[in-house]
Amino acid sequence: MNNFRHLLKAAGGHPPIGTWITSASPIVAEAVGHAGFDWGLVDMAHAPLDYMDLVHLLQAIGNTKMTPVVRVPANEPVAVQRVLDAGAQTLLFPLVESAADARRAVAATRHAPQGVRSMATLSRATRYGAAAGTPAPVGVIVELETPKALSQLEEVVQVDGVDAIFIGPADLSAQLGHAGHTMHPEVMRLMGDAAQRCRHAGIPVGTVGATPDVVTQFRAMGFSFVAVASDLALLMRGAQAVVQSLRTPDGELHVHSLSAGTRTESSAA
């Protein structure tokens, strides 16, 4: 079974928790994997990643228990086959607007006669020719990010080969005229409605929130899998919190030690 499908089936009433991998750093990705996240989204749509970078990230994540999902740069067969040849097993397709878009995404992940994926016998996906038997099934998650896409939800979930739906709050908020306000009541109403429609259709649905509090609300809405922030966002929050905890309002840096007590840069000079 595909690893992400297995993760969803084994979750029970505890939605798997993930995060975005946007740093393009294998070391950061590996560290995040060891932090305990269930899944991580390697983002080729916005992060500065090429295909060799992707291989390095998947190798690093492979040293952890975190299940990788790769957001492809576009719903385009050549881009998809290169991501799959790099060893990705579950893909997230951005900006799916219709059942036709979803069918095109699924077809790009399947070899003939079911799809249009080209054969490659010496890729990382085949363990360079050493893999025996049937290739591992590819997981397909389609991302609905606009009111138009949400209006097509029932048609999209009927497409054979679509394993899960992902609701993108950032672009949805922008489409609704609330850019940067993903918690706007109109955005939350549409997301909650979409989650319930997916559950009624019997298909897993996921999303991403900026903070644990936001993600808790999404879980209460019925989302099946959730992501919180990103590796860079978590790093920046930690770094900023450390700096803010050491700076006084006037900008002086306080340093405390058991031997010397508390001193500032100005008094130390």
Side-chain angles (χ1 to χ4, degrees), residues 1-12 14-73 80 82-94 109 123-128 131 135-141 143 163-164 166 168 204-212 214-216 218-219 223-242:
M1 177 183 287
N2 173 272
N3 287 342
F4 192 77
R5 293 181 202 163
H6 178 74
L7 181 65
L8 293 176
K9 287 184 178 294
H14 304 281
I17 300 169
T19 192
W20 245 234
I21 309 296
T22 58
S23 65
S25 166
I27 290 177
V28 173
E30 186 176 27
V32 166
H34 286 305
F37 287 102
D38 300 308
W39 63 282
L41 191 287
V42 179
D43 191 4
M44 295 194 74
H46 289 291
L49 288 173
D50 62 24
Y51 294 100
M52 184 56 76
D53 294 329
L54 175 62
V55 169
H56 293 157
L57 283 166
L58 293 175
Q59 288 172 330
I61 293 171
N63 290 325
T64 77
K65 294 182 179 180
M66 185 169 71
T67 298
V69 176
V70 178
R71 180 157 69 169
V72 296
V80 172
R82 296 194 70 184
V83 170
L84 292 174
D85 288 345
Q89 295 183 357
T90 300
L91 306 186
L92 175 66
F93 288 82
T109 69
S123 67
R124 185 169 182 269
T126 66
R127 299 183 185 177
Y128 312 102
V138 175
V140 174
I141 307 169
E143 187 171 7
D163 295 295
F166 191 91
V205 56
T207 192
V208 59
T211 67
V214 173
V215 169
T216 298
F218 288 146
R219 292 171 71 171
F223 281 90
S224 314
F225 59 103
V226 290
V228 56
S230 68
D231 54 356
L232 284 180
L234 295 171
L235 185 154
M236 287 296 291
R237 287 176 198 168
Q240 290 170 334
V242 168

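Not measured: the values here are computed from a predicted model.
- Contact detail for Pro26 and Ala60: the closest heavy-atom pair is O-CB, 3.3 Å.
- With 3.5 Å as the limit, one finds no donor-acceptor pair spanning the side chains of Asn3 and Thr90.
- Leu92 contributes atom CG, which lies 12.0 Å from atom CG of Asp163 (distance to the nearest 0.5 angstrom).
- Counting heavy atoms from C-beta outward, Leu91 and Thr109 have side chains that approach closer than 4.5 Å.
- The heavy-atom pair separating Pro212 from Val228 by the smallest distance is N-CG2, 3.8 Å.
- Applying the side chain to side chain donor-acceptor pair (under 3.5 Å) test to pairs two or more places apart or on separate chains, those with a residue in residues 62-71 are Glu30-Asn63, Asp43-Arg71, Arg71-Glu143.
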### Task
Under the side chain to side chain contact (heavy atoms under 4.5 Å, CB included) rule, what do Gln59 and His56 come out as? Steps first, then yes or no, please.
CA-CA 5 Å; Gln59 288 172 330; His56 293 157; 3.6 Å; yes
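- A side chain to side chain donor-acceptor pair (under 3.5 Å) check over residues 227-240, counting only residues at least two apart or in different chains, returns the pairs Thr22-Asp231, Ser23-Asp231.
- When side chains are defined from C-beta on, Val138 counts as touching Leu84, because their heavy atoms get closer than 4.5 Å.
- Here the straight-line distance linking atom CE of Met66 with atom CZ of Phe37 works out to 8.5 Å at 0.5 Å rounding.
- Of all the heavy atoms in Ala229 and Ala210, the pair that sits closest is CB-O, 3.6 Å.
- Checked against ring pair (Phe, Tyr, Trp, His ring centres under 6.0 Å), Phe223 has the following partners two or more places apart in sequence or in another chain: Phe218.
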### Trace of the side chain to side chain contact (heavy atoms under 4.5 Å, CB included) decision for Leu58 with Val55
CA-CA 5 Å; Leu58 293 175; Val55 169; 5.9 Å; no
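- To the nearest 0.5 Å, atom CG of residue Leu7 and atom CZ of residue Phe225 are 9.5 Å apart.
- Distance check: Ile141 CD1 to Leu8 CG gives 7.0 Å after rounding to the nearest 0.5 Å.
- Between Asp53 and Pro48, the shortest heavy-atom distance links the atoms OD2-O, 3.8 Å.
- Between Ile21 and Ala29, the shortest heavy-atom distance links the atoms CG2-CB, 4.0 Å.
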### Message
Set out, in order, the CA-CA distance, both residues' side-chain angles and the distance that settles side chain to side chain contact (heavy atoms under 4.5 Å, CB included) for Val32 and Thr19, then state yes or no.
### Response
CA-CA 9 Å; Val32 166; Thr19 192; 3.5 Å; yes
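- Once rounded to the nearest 0.5 Å, the distance linking NZ of Lys9 with CG of Asn2 reads 11.0 Å.
- Taking every heavy atom of both residues into account, Pro16 and Asp38 meet most closely at CA-OD2, 3.4 Å.
- Aromatic ring centroids of Phe93 and Phe166 lie 6.0 Å or more apart.
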### Verdict with supporting geometry, Asp85 and Arg124, side chain to side chain contact (heavy atoms under 4.5 Å, CB included)
CA-CA 6 Å; Asp85 288 345; Arg124 185 169 182 269; over 6 Å; no
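- Note that CD1 of Ile61 is 11.0 Å distant from NE2 of His34, once rounded to the nearest 0.5 Å.
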